[in-house]
Amino acid sequence: MRDRWIFLLIVGVLAVGPFVQREVIATEILIFAVVALANNLILGYTGMLSFGQATFFGVGAYAAGLLTIHAGLPLPVVLAAATVLATGLAVLIGAVCVQRIGLYFIMLTFAFNQMFYFIAYSWTTLTGGEDGLPGVRRPAALADDLTFYVLVALLFLACLLLMKRVVDSPWGRVFRAIRDNEARAAAVGHDVRRYKLLSFTISAAFTGFAGALYSLLYGIVPIDAIHWLRSGDIVFMTLIGGSGHFFGPIIGAAFFIWLSETVSVVWDRWPMILGVVFALVVLFLRGGVVELIRRGHGLVTARGGAATAP
Amino acid sequence: MTPIDRRTFLAGSTALGAAAMVGGVPAVARAAKTTTILGIFPLTGPYADTGPLMSKAAEMALKEVDYEVAGQKLRYVTRDSETKAGSATRRAEEAIASDDVKYIVGPWSSGVALAVGEVARKRKVVHWFSGGTEDISGKRCHRYAFQWAASPWTAMDVVLATFRKQNQKAKRLYLFIVDYAFGWSLQKYVETLAPGHGFEVVGVDRHPLGQREYSSYITKAAATNPDAIYMVNFGLDTVSAVRQLFNFGMTPKIPVILSWSAGVEELVQMSPEMRQNMLVGTNFYYTIDTPVAKKFVAEYRKQDSKGLPPGYAPGASYGCMRMVLAGMRAAKSTDVPAVIKATEGLKIDDLVGEQTVVARNHQTVRPYFVLKTTPKSEMKDDYDFGTIINSSAKEQPGELNECKDIGSL
Amino acid sequence: MSALLEVRDVSKSFGAVAAVAGVSLAVTEGRLHSIIGPNGAGKTTLFNCITGEVQPTAGRILYDGRDITGLPPHALPALGIARSFQRTSIFPTLTVAENVWVSAYARRETRGGPVLVPADRVEGVGETVRAALAEVGLAAHAERPAAVLAHGDQRLLDFAIALAARPRLLLLDEPTAGLSRQETQRVIAYIGTLKGRYTIVLIEHKMDVVMTLSDRVSVMYFGRLLAEGTPPEIRGDARVREAYLGKRA
Amino acid sequence: MLFLVVSQIINGVVTGMIYALVGVGLTLILGVLNIPNFAHGVLFAFGAYILLSVLQVVGNFWLALLIAPFGVVLLGLLLELVGVRRLYTAHHDYQLLFLFAVALILQETIILIWGPIGTSVLPPAGLQGAVNLGLTVYPKYRLAVMGITAAIVAGTWLFLTRTNVGAIVRAGIENREMVAVLGIDIQKVFALTFGLGAWLAGVAGGLASPIMGLTPSMGFDILPIAFVIVVVAGLGSVPGAILAGILTGVAQSLTTIVFPEAANVVIYLLMGLMILVRPQGLFGKR
C-alpha cells in the first residue's frame, strides 16, 4: 500500500521533472537512478559491495554506441543487445568474484573494472579511447530531448517496477536472507553463490541497460563511463540515498548529481565539500537521506518512535 | 528494510524537490541584452592545475572590454570540466539551459573538447577551443567550433626546421608519443615531415596518457643511440619524462624536444638542471613581442601571487576569448549566426601576431613558436625558461586537411 | 534397526593438529544420539564434517546408505538433513515468518513456474511456514522482525527454521549454549517433544541436558571416541568420569 | 636485446619496490583492520609533499626523508582517531565511503596548501645522474632506492616477525579474536597498524618523489596499483605484497619492450590470471 503511494509520488515527480531541470539532466538523473537501484540489489539486498559497476555501465554504453553507429540497428534491438552483453559479462566476472567475500570481493570487482577500463582505453579503434566514442545518434523520432526524457522516464518506471518485483519475489527474499546470514542461508539449502551470482547478474543487466541509454543521451560514450571513479559514484549514490530502503537510491542519484552540480559552481575545490558531506553521512547519518527523512519525521510527529526503530 | 510511511517520504521528497529547484532554477528572466559566455575548464581532475589559470585569463579578456562589446552586455560563467567528457557534456548542457550560454571557451583536453563541441553543435552555440586535436578543424569540424591553436602540421614543421638549424649533424630522432588521438596525429606529421628536414625516426614509443614511469621507454630509446628525444605529449606526462631523462643522465647529453608544450606550466615543474639542452615548441610564450601579449602578460603577472607568467593554457583561453570578442565586434552583434559569419575569414593582429580564421575549416592560421631553454647560469629570474628563436605561421596544405564540409548553421 | 547416519573413521587435521582422529559412530533412525566431550574434544569439528562446512581429511560419512562426504552444506536439506547452530543463527532483519519461509522455500515441492511472483504467493510454502511456527509456538510473532525476539524465542525460531525443511535427521549444535537457566529448561522441554519424531544428533557439553534426553551417548576426548553407550552406561564408565566428569568436579 | 631485457628488469624491480612499499602498508591495514583503505594513495602523496616542505626547511634530502614520513603517521593516526576507529564494526560500504571522502578532502587539501601545479624534487647531491652498469647506464638514485626499500621492507619484516609488538600485529591478521582473548587492547593494535601503514606509504611517497615528481593527483594514480598488489599477494600477506609489487613492476616494464600500449592492461591481466589460477593470491590462505 505504502509502496503504491510512493510510486504515485515518483510518477508525479517524473511529470514535473523537465520543468524543474533541463531535460537532459533530468534524464541523466533517471539513468543513474536505475544504476543506483540496480546497485542496491546487490549492496542493500544481498550485502555485496561491488566497486566495479562501471564495468557494466560502460560495456552497455559502448555496445549500444557501437551498434548504433556501425550497425544502424533499431533502438529496441540496440538496448536489448547492450543489456544482453553486459549480462553475459556479469555472469563471467561474477562467477569469479562471488567465490570471495568481503574485502576480496570489493577488490576483485574493482580490479576487473580497471582491466576493462584499460581495454576500452587502449582499444581506440573500437572505443575512441581517451577521446570517447562520439556520434551516437538517436532515432529521428527521439531526437528531441523532451521526447527522449519521456522515453527514459517510461523505461525508468518499467525498471523500477521490475526491480521491485525482483525484490518482492522469492529471489529477493533469499537475497535478503543471504545478506543477513550467509551460513544459515546455505544451511537451509540455498546455493549461496548461485544466488549471489544471480543478484550480481540482474544488477549488471539493469546497469548495462542504463549505460546504453546514457550513450544515447549525449550522443557520446566518454571514457569516464567505464572508469573506476564512476563505480565509486554509483556506490556513493546508493549509500547517500540510503541502501536500507528500496526507493532510497533514487533520492541518492538525484541528490548526488544535484550536489556535485551545485557545489562545483560555488567553489573550484568542490570535491572537498563532497568529501565532507560523505564523511558526515558516514559518521552521523548512516542510512542516508532516507534516514534523514525518517528522523525528521520522528521529530515532527514526536510519537513516531515506532517508525524510527531500526 | 525498515518501513517508513508515506507521509514521511512525501515530506522529505518535497523538501528535496524544492531544494533541487532552488539550485536549478533557470535564469531565464535575465536582462535580454546580456550575452553569456561560458568558460569550461578543468578545475578538478587530471588537469586541475591549469583550469583556474585558464578561467582567470579568459575573464581578463572580458574585463578589458568592461564586459561589453558592440553595445551588448557580456556575462561570464564558469563550469568544471573535470577532464571527464561525461561531466563536461552535462555541465555544458546545464549551463546552456540555466544560464542561457551562447558562447563556450575551453576546456583543455581534446577528448573533452570534442564532446563539448558536440553540445555546441546541437545547441547552436559558438565553441572556441585551443588544443592538439586536429579533428576540431579536421574530420569532426562543424560550423560552431573554432580552433585557436596552430595546426599540428604547422607546429611539427617549424619544430623540425628549428632543430635542423640548431643542430646540423643530428639525424636520428626517437619519439615518445602519448597514446591517444592528439599524439597520433602529431606522430603522423613528424614521421612524414622528418625526412624532408633530413631526419630519420629510429624508434617510436607510445605511452598511455597519465604515464608516470618512463624508465622503460628511456632505456629502450638509449639503446638506439638517438640524436634527440622528440616528445609528443603534454603536461605531467612531459614533466615526468623529462625528469626521468635527467635521472638517467640523458639530459643534457642528448637534446630533448618538447614539440607541443604547455610552456610555462610545464617548465616551472622542472628544475633548471632538467631543462638543459631543450627545444620547446609552443602555441604561446610570455615573451611574445606583440602589444596585446605584453599588456596581457604584465596584467596577468600582477595578479599572480608569485608573479608567475602565463603559459600556453592561460594564453589560449585569453586568446580564444579575444577571438570571441573580435567576432562580435566584426559582426557588430552578439547574435550567434552573425558572429560565426563574421569570424569566418577574420584576420586580426592579436595576441600571438597575425591570426586568420580559415572559413573552410575554422582553423586559426597563426604563428607557432620554438624556444631554446636558458641555461641556469644565464637565467635572469626564476621564470626565465627560454628564448623564442623561431616561429612560423605556414598553413597546413589544404589536401592534408580532413575537414571536407564545414556544414551549415 | 538401521543406521540413518553413519560416520566411518573420520579424521580431520588442521596442519599438524588432529582435531578429529578416526571417529566412527552410527545413529539409529528415530533415536536421539548425543555427542559429548569437554571443550576442544573435537565435537564441533566432527559436526562440521557432517554438515559439509569442513572437508574431512579421511573417512566417510553415510546418510541413509548414501555417501555424503564432502557435499556442500546447501546440498544437505534436500536429502532431509537440517541443522541448528551453536549460536542462534537466524535472519535478524527478516520477519519471523520470513525466516521460516526461507527454509521452507528451499525445500518447496513445486519447482519451475513463474519466478517473479510475490514471495508469499509461492505455492505450498505458506502451509509449511505456519505449521513450523505453530509447532514452536511463535505463530503470534509471525510478522515481527526476528531481531526483536527474546533470546529463547530466537532459539526456538532457529528450530522452526530447521523443522521447516521437513528433515528426517536433525543436527543440533549445543542448542542451550548461552541461554539462561529458564530458557534452557524451555528448550530442553522442546527438544523432548521432537524426540521420536526425528532422528536427532545433539552436540552438547552440559551433561545434565544430555543424560535426560539421549537414547545413546558418544563421548569424545582429544579428537577420539572415548566411549559410547546408553546414558546409564556412560555415567558408569570410569574412563569418562576420569576424562570428563572428574575434571569438572 | 639482452641488455634491454636486463635493464627493463632492473627498472621493473625498482618501480616494483616502490609499489611494494605502498602495497605492504596497504596489506597490513587491510589484513589487520579489515577495512578498504581508499585513503592509502593520498597518504603516499602526503609523504611526497611533506618531504618537499621539510626539504625546504632542513635542506637535506635524507634528513627530510627521515622526518617527513612521521608527518604522514600523525595524519594517519588522526584519521584513525577521528573516523576509522568508529567504523571497525561498520559494513565495508560505509568504511569505503568514509575513506574515499577522506581521500577527496586530503587531495583538495594538497591543492590548497601546495597549489595545483606539480613540482619536482631533485635526487640528493651525489646521487644525481647515472652510473654505467656495463650492460646499461642506470640512474644512481634509482639504484639507491632499490637498496633503501629493500632495507625498509626487511626492517618491517623483522619488526613483524622478531618483536612482540610485531607478533601481535601478525596475530591480528591471523586471528583477531585471539588477540582480544590474550587481553591485548585491540584498539591499540589497530592504531599501531594504521600508523605503520601510513609510515610505509609516507616513506614510499618521499622516496618516489625524485623519480615520479609531485602532483596532487599522485595518490589516486597509485591507488589502483596498490590494490592489485594486495589481490595478487593475498590479503594481509607481507612477503606476498613484496613479491607482487616486484612482479607488477617487472611485468609492466617488460611489456613496454614488446607492446608499450599494453603496459597498463598487463598488470590487470596478470591479476586476472592470478585470480583464476590461485584465487587466494600468492600467499593468501583462503
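A note on names: the letters A, B, ... follow the listed sequences, proteins ahead of strands, and every chain is numbered from 1.
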As an exercise: rank [options] by heavy-atom pairs under 4.5 Å with chain A and give me the winner.
options                     : answer
C/Pro92, C/Ala78, C/Ala165  : C/Pro92
C/Val125, C/Ile81, C/Asp158 : C/Asp158
C/Asn99, C/Leu76, C/Ile161  : C/Ile161

Taking [Y]'s backbone N and O only, do any of them form a donor-acceptor pair with [X]'s side chain (distance below 3.5 Å, no angle check)?
X        : Y        : value
A/Arg184 : C/Thr88  : no
A/His190 : C/Val102 : yes
A/Asp168 : C/Pro118 : no
A/Arg173 : C/Ala119 : no

**OP:** With rounding to the nearest 0.5 Å, note down the distance linking CZ in A/Arg193 to NE2 in C/His74.
**Re:** 8.5 Å

Subject >> Inter-residue atom distance A/Leu161.CG - C/Leu116.CG, 0.5 Å rounding >> reply: 12.0 Å

Original post:
Are there more than 12 heavy atoms of other residues, nucleotides or ligands under 6.0 Å from atom CD1 of A/Ile101?
Top reply: no

Subject >> Enclosure of C/Arg197 CZ (heavy-atom neighbours >12, cutoff 6.0 Å) >> reply: yes

Original post:
Of all of A/Leu162, A/Asn181, A/Val192, which one pairs up most often with chain C through heavy atoms under 4.5 Å apart?
Top reply: A/Asn181

Subject >> Pick from A/Ala177, A/Ala183, A/Ala186, A/Gly172 with the largest number of heavy-atom pairs that fall under 4.5 Å of chain C >> reply: A/Ala177

**OP:** Could you tell me which residues satisfy side chain to side chain donor-acceptor pair (under 3.5 Å) with C/Asp64, sequence neighbours excluded, listed by chain and number?
**Re:** C/Arg168

**OP:** Determine the minimum heavy-atom distance between C/Val117 and A/Pro170, stating which atoms define it.
**Re:** O-CD, 3.1 Å

Original post:
Do you know the tightest heavy-atom contact between C/Thr93 and A/Arg176?
Top reply: O-NH2, 4.4 Å

Subject >> Side chain / backbone / both / neither for C/Thr51 at chain A, heavy atoms under 4.5 Å >> reply: neither

Subject >> chain A-proximal positions within residues 126-144 of chain C [heavy-atom distance under 4.5 Å] >> reply: none

